[in-house]
Protein chains: 2
Amino acid sequence: MYICPMHNKELLKGTLKTIILQLLTEKGRMYGYEITQTVKSMTEGQIQLTEGALYPTLHKLEAEGLVVTQKEQIGKRVRKYYTLTPSGNKAAVNKVAEFEEFVRLIGLLLHPKKSLQ
Amino acid sequence: MYICPMHNKELLKGTLKTIILQLLTEKGRMYGYEITQTVKSMTEGQIQLTEGALYPTLHKLEAEGLVVTQKEQIGKRVRKYYTLTPSGNKAAVNKVAEFEEFVRLIGLLLHPKKSLQ
DNA sequence: CAAATATACATTGGAGTCTTATGTATATGC
DNA sequence: GCATATACATAAGACTCCAATGTATATTTG
């Protein structure tokens with residue numbers, strides 16, 4: 001996914017939708033390129049989304065009815081803004097909760113000594 | 001991976017090697033079936049490894065020189081025990097550290113409000 | 001002002017990981 | 001005797017993401 005300095009890229013699989021939905025929850029409205037730049041700056045340059053991962057995922061989210069798009073003319077270029085739908089909002093909350101639960105479960109396996117972390 | 005009640009199975013991708021290496025670090029010596037049962041009990045039944053994921057991964061770890069095997073006759077059945085090699089030990093430490101870093105980075109994206117969690 | 005870089009969208013082929021299904025065989029509990 | 005548990009293994013396919021490529025405009029820099 002993400003060109004990134006992290007060695008284990010597979011770890012990041014499955015988090016892309018969660019990341020996008022959560023960012024949209026916070027920012028309200030974003031376009032694709034903006035998402036890549038925001039993720040890069042928020043992660044100290046460690047996670048850099050690739051277009052080959054990002055755009056197909058955005059299109060999937062749209063097809064699933066979790067986001068809607070508005071095109072906006074900027075000079076001669078067109079930007080495509082994405083906004084969460086109500087079901088997209090719910091999905092964002094669920095996905096983040098699922099991620100937290102995932103981290104907790106893996107923590108049980110990786111840090112059994114630390115009583116309850 | 002892993003048949004499991006978690007809804008977002010993709011989240012777990014990329015963690016299997018890390019889990020196996022870490023378990024071997026703790027337990028010293030394990031066989032495949034034992035790994036599936038240990039993971040199940042340690043995660044409250046939430047993560048259940050499938051053979052289709054586990055065995056190919058164990059074979060890969062062996063091919064990479066991170067584990068070695070000893071077969072043991074138990075009655076008429078044969079158990080295949082896996083033990084970490086020195087490079088397997090290093091790999092375990094690295095993988096767990098990578099996972100921690102991954103969680104930290106995703107945390108930057110998902111919990112921007114919590115100062116430094 | 002030309003070239004490089006940044007902005008901005010998008011698609012395609014392929015790699016890698018896991019799931020589902022299947023196969024084989026022994027052991028145990030009811 | 002039959003179901004379930006133990007114990008290994010492989011194969012076909014789904015799914016996600018990466019790398020490469022393509023198009024086009026805008027800005028920076030030498």
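Because only heavy atoms are used, hydrogens play no part in the values below, and waters and symmetry mates are left out as well, while side chains stay in. In the text below, chain A, chain B and the rest are named by the order of the sequence lines, each starting its count at 1.
A close approach under 4.0 Å does not occur between any side-chain nitrogen or oxygen of A:Lys60 and OP1 or OP2 of D:dC15.
Rounded to an integer number of Å, the gap from CZ of B:Arg79 to P of C:dT24 is 23 Å. Following rounding to the nearest Å, A:Tyr55 (OH) and D:dT16 (C1') show an atom-to-atom distance of 18 Å. C:dC9 atom C1' lies 15 Å from atom CG of A:Leu49, rounded to whole Å. Across the protein-nucleic acid pair, A:Glu51 atom CD and C:dA6 atom P stand 13 Å apart, rounded to whole Å. Between B:Lys80 atom NZ and D:dA7 atom P there is a gap of 15 Å when expressed in whole angstrom units. As a whole-Å value, the separation of A:Tyr31 OH from C:dA8 P is 4 Å. B:Met30 places its CE atom 14 Å from the P atom of D:dT6, with the value rounded to the nearest Å. In this structure, B:Tyr33 places its OH atom 16 Å from C1' of C:dT24, rounding to the nearest Å.
Checking C:dA27, D:dC8, D:dA9 against the side-chain heavy atoms of B:Lys76 singles out C:dA27 as nearest. You'll find that the side chain of B:Arg77 is closest to C:dA25, out of C:dA25, C:dT11, C:dT20. Each of C:dT7, D:dT16, C:dA10 was ranked by its minimum atom distance to the side chain of A:Gln37; first place goes to C:dT7.
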Evaluation steps, salt bridge (Lys or Arg N to Asp or Glu O under 4.0 Å), between A:Arg104 and B:Glu44: CA-CA 11 Å; A:Arg104 187 183 74 83; B:Glu44 307 154 1; 3.0 Å; yes
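Only one option out of A:Arg77, A:Lys80, A:Arg29 pairs with A:Glu72 in a side-chain hydrogen bond (donor to acceptor under 3.5 Å, both in side chains); it is A:Arg29.
When each of A:His59 and A:Ile74 is assigned the nucleotide of DNA chain C bearing its nearest heavy atom, the one mapping closer to the 5' terminus is A:Ile74. Nearer to the 5' terminus of DNA chain D, by closest-nucleotide assignment, is the contact made by B:Val78 (compared with the other of A:Gly75 and B:Val78).
Side-chain atoms of B:Glu34 and B:Arg79, non-hydrogen and from C-beta on, never get closer than 4.5 Å to each other. Proximity of B:Glu101 to B:Glu98: side-chain heavy atoms (C-beta onward) are nowhere separated by under 4.5 Å.
Note on A:Gly52: a base of the nucleic acid sits closer than 4.0 angstrom, heavy atoms only.
Nearest approach of A:Met42 to B:Leu109, heavy atoms of both residues: CB-CD2, 3.7 Å.
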